[in-house]
Amino acid sequence: MCSFNQNWTTTGASMDYDFSAIEKKWQDWWQEQGVYRVSEDPDKPKCYVLDMFPYPSGAGLHVGHPLGYIATDIYSRYKRHTGHAVLHPMGFDAFGLPAEQYAIETGQHPARTTADNIATFTNQLRRIGFDYDWSRQVVTADPDYYRWTQWIFCQLFSHWYDPDAGAARPIETLQAQFIAQGGSDFSAAEWAAMDNQRQQEVLMGYRLAYLDYADVNWCEALGTVLANDEVKDGVSERGGHPVVRKRMRQWFLRITAYADRLLNALDALDWSPALKEMQRNWIGRSEGASCVFRTKEGNHPIEIFTTRPDTLFGATFLVLAPEHSLVASLTTAEQSAAVAQYLAYASSRSERERMADTKTVTGVFSGSYAEHPFSGEPIPIWIAEYVLAGYGTGAIMAVPSDDNRDYAFAQHYGLPIIEVIDRSEHPTAEREDKSVGLLMNSGFLNGMPINAAIQAAIAELEHRGIGQRRVNYRLRDAGFSRQRYWGEPFPIVYRRGVPELVPESALPVLLPEVNSYRPTGDGNSPIASAREWVELAPGLERETDTMPGYAGSSWYWLRYMDPGNRQAFVDPKKEQYWGQVDLYMGGAEHAVGHLLYSRFWNQFLFDLNLVSQAEPFRKMVNQGMIQGRSSLVYRIEGSNTFASAGLKEQYNTTALHVDIHLVEDDKLDLQGFRAWRDEYQNAEFLLEEGVYRCGAEVEKMSKRWYNVVNPDEVCDRYGADTLRIYEMFLGPLDQAKPWDTRGIDGSFRFLKKVWRLFYPRENKAPIAEEAPSTEALKVLHRAIAKVQADIERLAFNTAVSALMVAVNELTALKCRNRAVLEPLIILLSPFAPHISEELWHGIGHQTSVVLQPFPQLNESFLAEDSFEYPISVNGKLRDKVALSLALNEAQIEAAVLQRDLVLKWLDGKAPKKIIVVKGKIVNVVV
RNA sequence: GCCGAAGUGGCGGAACUGGUAGACGCGCUGGAUUCAAAAUCCAGUAAUGGCAACAUUGUGUGGGUUCGAGUCCCACCUUCGGUACCA
């Protein structure tokens, strides 16, 4: 990798594949000609192909990033060839922490560094030759963009989710309802009696964007709130300062209102089962019942959630989470010391520790008892960390007979166990098996199967007014506040503490300039220090939190449809034309976060009739990660001597990563290595056959492992077309695969072979106009069939392989006919657009190959009249014979039985059976 | 633990609904060309045995279904991704 060759040229430069000149030339030409400009065309079917837009980091792109972009580029170019109006845009997710962190360190305005990084990314992307319509680029940090992010937030704030309508409705409809008939726990008269502030607090409980209190990661030393990934093992990642939970008022989005719709709509989407399953698990719907247990001492009803109300008679104790609000009031004097000790222990345990050992049973008795709602028996109330405060009601009824954790707990503390499911008919059934068994020891439920008992138990709970059917979700409402500078400001002002929207005419609310991007130290965002911006008037202050990173990315695909619109976030006509994203490509790391938020925003906008489709992404594909291939050197312990890979076993060595740019073909550049780091200046080497061999390891491509390959390097050395072909040829799109620059030669040679097809060394004659041979046509049409089918199923590795086969065969046939080579260029052009455009113009065309129709498959060229039958004897391949496909099965059988090899294996015996599959195989059973 | 994906030559990988395992490419070996190198071209390349024809073995492991299994079924092992005491 260290020494890049000059471009591939020998003599007669014009007849050689000079990729760097070709690529530059056509990129400029496409730009000038506006070849990739798209608009709505009612005469064409539409196709919307989308990539997850990147965050423009300072590091630039590595070869792993464009994998998905190349795939969608090929797909979108193919769709252009097949007559579609194709929307394939690109933009930037430009708000985020790294730019802000850089600003804190250097004082550079994040807008400035973001713009620089976008320029770097754009240059890198342009070099690869994508068919983006750059005039549609969106940047989430651009005020023209984020005014609409703010606008959508305004809609979320001014709507509530009406469960009766199953859709979002204006908050005024709820107000009207309160005026007319009151709410769930107040009458119309009581509503009327409330002051505005109180009324607003009630409404806040319904808005889809609302304020509530939540714990954040607060770091006193840094004076700021930290994101989850900035906290490692309870201390800040930077500086290692302690981080504590702190309650702060935060904005939330009520995504839980849409939980059921988000879950149900998954079925109709063309996403991988794995991806759907991740979303289902994240939403985590479970059906069951809530039930209230009265306490023996004092009036402290405990509400629990259970998915197994049928086992209520088996509930022998209750368990509260250590953080449950009733823990203090239910702890008796005798138990207070033990409980206090346990609570101290529980709060000292990090999430990580709690996760690590789920086998250890811990808990403490509160001293109090609850009353069993059906039997009236007293049952003890325990406190244990295996019950989570954040899920359900933070309290459970423990049924040791039918829950493994409850069972382990009961065993450990000697609590009673009542069997309530009779599984005697099914001796192999395990605890928690819901599919078999009849209720016993359960009063009115006795003898019922489990499902019937669940229904009966819920009915009884509802009848007695102590519980009800309930659906519970794991999904939480999404925290939407960040105490940061570099994000969208909220379009919110507080009038004497009551939040209200700024008028629409005041949008966008621009980020103020600040003197310092450092946290204020009191938990507020840096923009709180811009006092003249915050204080609009006495008693009228702006919100100083900003929106999180996912705000801008939750609707960006809609903006691409109509990026310049100043009247609306998208023109409804344009939205109706482009509709759903037909193919969405991106990394699996966004499987739950981004994809769930985006679906939620889209469902909401759909409720408001602002978009025409409930679901934004019809087909979603996750591209696999391209891994790096790291190089390793082996330092002999306690020395500055390095042993070559083959010698390392003889010594006690430490493997160290070395920059792959100092390694070629696993051989280390010794001078380069000594110059690389001061500490290696005097390094000594133990060589093998005169060279130092490095070890290698496949791992994530990362600066940290010095194994990053930049696409620019590859473009310099081989060209963008080779990069594109190689990335696709590497393996299936959705699989993780290692990048090995050594393998790229094959793709480069392939393109050179394509070039030679048009410009053979020994033949300077122009392309032949006469009719091609049947063999050449057969090769062409086989390629058309395979490439087309493979692009449709996104199997680009085998499509490239099919093109290689075609080029090899046409080279062998010395085919130079226009009628074959012209369609071949179009087949190749989605994969390698630059060389294709050059060859296309080279054979006399003036217009772009991009705009050509895809070659029409003629099946008649694929038809064969004979087939070489493999003949197996007892399933083992023994012979082959070419036979006409016109023969019937009896004729084939007869021909096979005459074969010498078959007779030899029959060894004089008559065959037991002969299986003839026409056009496939013959199997002789002896 | 649970959910999902995947285990095929020295390497990346191919094989449609069960029908010639290893397409295509890398690498490697030999040869041509060259003063030499690069580049290019030709031949070979799963393993084992054999000059060869050919034979035996072979798609993570062990069973099974089938005329026939990389592909289907059962059990298990390993790797990767997600998730995590979810009541």
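Note that the coordinates shown come from a computational prediction; the quantities given were computed from them, not determined experimentally. So you know, we letter chains A, B, ... as the sequences are listed, proteins then strands, and number each from 1.
Nucleic acid contact class of A/Arg793 (heavy atoms, under 4.0 Å, all strands): sugar-phosphate only. A/Ala384 comes within 4.0 angstrom of no nucleic acid atom, judged by non-hydrogen atoms across all strands. Among the atoms of the strands shown, base atoms are found under 4.0 Å from some heavy atom of A/Asn923. Within the nucleic acid shown, A/Arg280 has no heavy atom closer than 4.0 Å to any nucleic acid atom. Within 4.0 Å of A/Trp905, counting heavy atoms only, lie sugar-phosphate atoms of the nucleic acid but no base atom. Nucleic acid contact class of A/Asn808 (heavy atoms, under 4.0 Å, all strands): sugar-phosphate only. Within 4.0 Å of A/Leu730, counting heavy atoms only, lie sugar-phosphate atoms of the nucleic acid but no base atom. At a threshold of 4.0 angstrom between heavy atoms, the contacts of A/Val917 include nucleobase atoms, whether or not backbone atoms are also involved. A/Arg476 comes within 4.0 angstrom of nothing in the nucleic acid, heavy atoms only.
One can place CD of A/Glu277 at 14 Å from P of B/C2, the figure rounded to the nearest angstrom. Taking atom CG of residue A/Leu475 and atom P of nucleotide B/A84, one finds them 13 Å apart after rounding to whole Å. Rounded to an integer number of Å, the gap from A/Glu664 CD to B/G27 P is 12 Å. Between A/Ile744 atom CD1 and B/G27 atom P there is a gap of 12 Å when expressed in whole angstrom units. In this structure, the CD1 atom of A/Ile791 is 20 Å from the P atom of B/C16, given to the nearest Å. The CD1-P distance, from A/Ile871 to B/C54, rounds to 13 Å in whole Å. Between the CE atom of A/Met728 and the P atom of B/G13 there is a distance of 14 Å, rounded to whole Å. Remark: P of B/C80 and CD of A/Glu589 are 18 Å apart, rounded to the nearest angstrom.
Residue A/Lys876 has its side chain nearest to B/U57 when only B/A55, B/U57, B/A21 are considered. The side chain of A/Pro870 sits closest to B/U20 out of B/G19, B/U20, B/C85. For A/Phe867, the listed nucleotide lying nearest its side chain is B/U20; candidates were B/G25, B/U20, B/G82. Considering only side-chain atoms of A/Asn797, the nucleotide from B/G13, B/C41, B/G68 that sits closest is B/G13. Proximity note for A/Arg878 (side chain, C-beta onward) versus B/A55, B/A15, B/G25: the nearest is B/A55. Of the candidates B/A87, B/A39, B/G12, the closest approach to any side-chain atom of A/Leu388 belongs to B/A87. In this structure, the nucleotide among B/C3, B/C85, B/G13 sitting nearest to the side chain of A/Tyr386 is B/C85. Checked against B/A84, B/U57, B/U20, the side chain of A/Lys880 finds its nearest nucleotide in B/U20. Each of B/G25, B/U40, B/G12 was ranked by its minimum atom distance to the side chain of A/Pro738; first place goes to B/G12. Minimum atom distance to the side chain of A/Trp282 is reached by B/A84, of the listed B/C85, B/C26, B/A84.
As the counterpart of B/U33, no nucleotide is assigned, since no Watson-Crick or G-U wobble pattern has both distances under 3.5 Å. B/G4: Watson-Crick or G-U partner is B/C80, with both key distances under 3.5 Å. With a 3.5 Å ceiling on both atom-pair distances, B/U71 lacks any Watson-Crick or G-U wobble partner. Pairing for B/U45 goes to B/G27, judged as Watson-Crick or G-U wobble with the two contacts each under 3.5 Å. Across all strands shown, B/A38 forms no Watson-Crick or G-U wobble pair with both distances under 3.5 Å.
Projected onto RNA chain B by closest heavy-atom contact, A/Met397 and A/Leu877 fall at different nucleotides, the more 5' of which corresponds to A/Leu877. Residues A/Ile396 and A/Ala274 both approach RNA chain B. Their nearest nucleotides, taken by heavy-atom distance, put A/Ala274 toward the 5′ side.
Under 3.5 Å, the side chains of A/Asp477 and A/Thr256 contain a donor-acceptor pair of N or O atoms. Checked by atom type, the side-chain pair A/Asp879/A/Tyr869 shows no donor-acceptor distance below 3.5 Å.
Residue A/Lys913 places at least one side-chain N or O closer than 4.0 Å to OP1 or OP2 of B/C67. A close approach under 4.0 Å does not occur between any side-chain nitrogen or oxygen of A/Arg474 and OP1 or OP2 of B/C3. Here A/Lys752 does not reach the OP1 or OP2 of B/A39: none of its side-chain N or O atoms lies under 4.0 Å away.
Side-chain N or O atoms of A/Lys276 include one that pairs as donor or acceptor with a backbone N or O of A/Leu266 at under 3.5 Å. For the pair A/Asp406 (side chain) and A/Val399 (backbone), a donor-acceptor distance under 3.5 Å is present.
Taking the C1' atom of each, B/U66 and B/C74 are spaced 16 Å apart, rounded to whole Å.
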> Which is it for A/Asp666 and A/Arg693 under the salt bridge (charged side-chain N to carboxylate O under 4.0 Å, His left out) test, yes or no, and what are the steps along the way?
Replying inline: CA-CA 6 Å; A/Asp666 286 342; A/Arg693 296 205 170 276; over 6 Å; no
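Anti is the conformation of B/G25, whose glycosidic angle sits further than 90° from 0.
Taking the side chain as every heavy atom from C-beta outward, A/Ile379 and A/Phe293 approach each other to under 4.5 Å. With contacts defined as side-chain heavy-atom distances shorter than 4.5 Å, the pair A/Leu461/A/Gln468 does not qualify. Side-chain contact between A/Phe796 and A/Glu727 is absent, with no heavy-atom pair separated by less than 4.5 Å.
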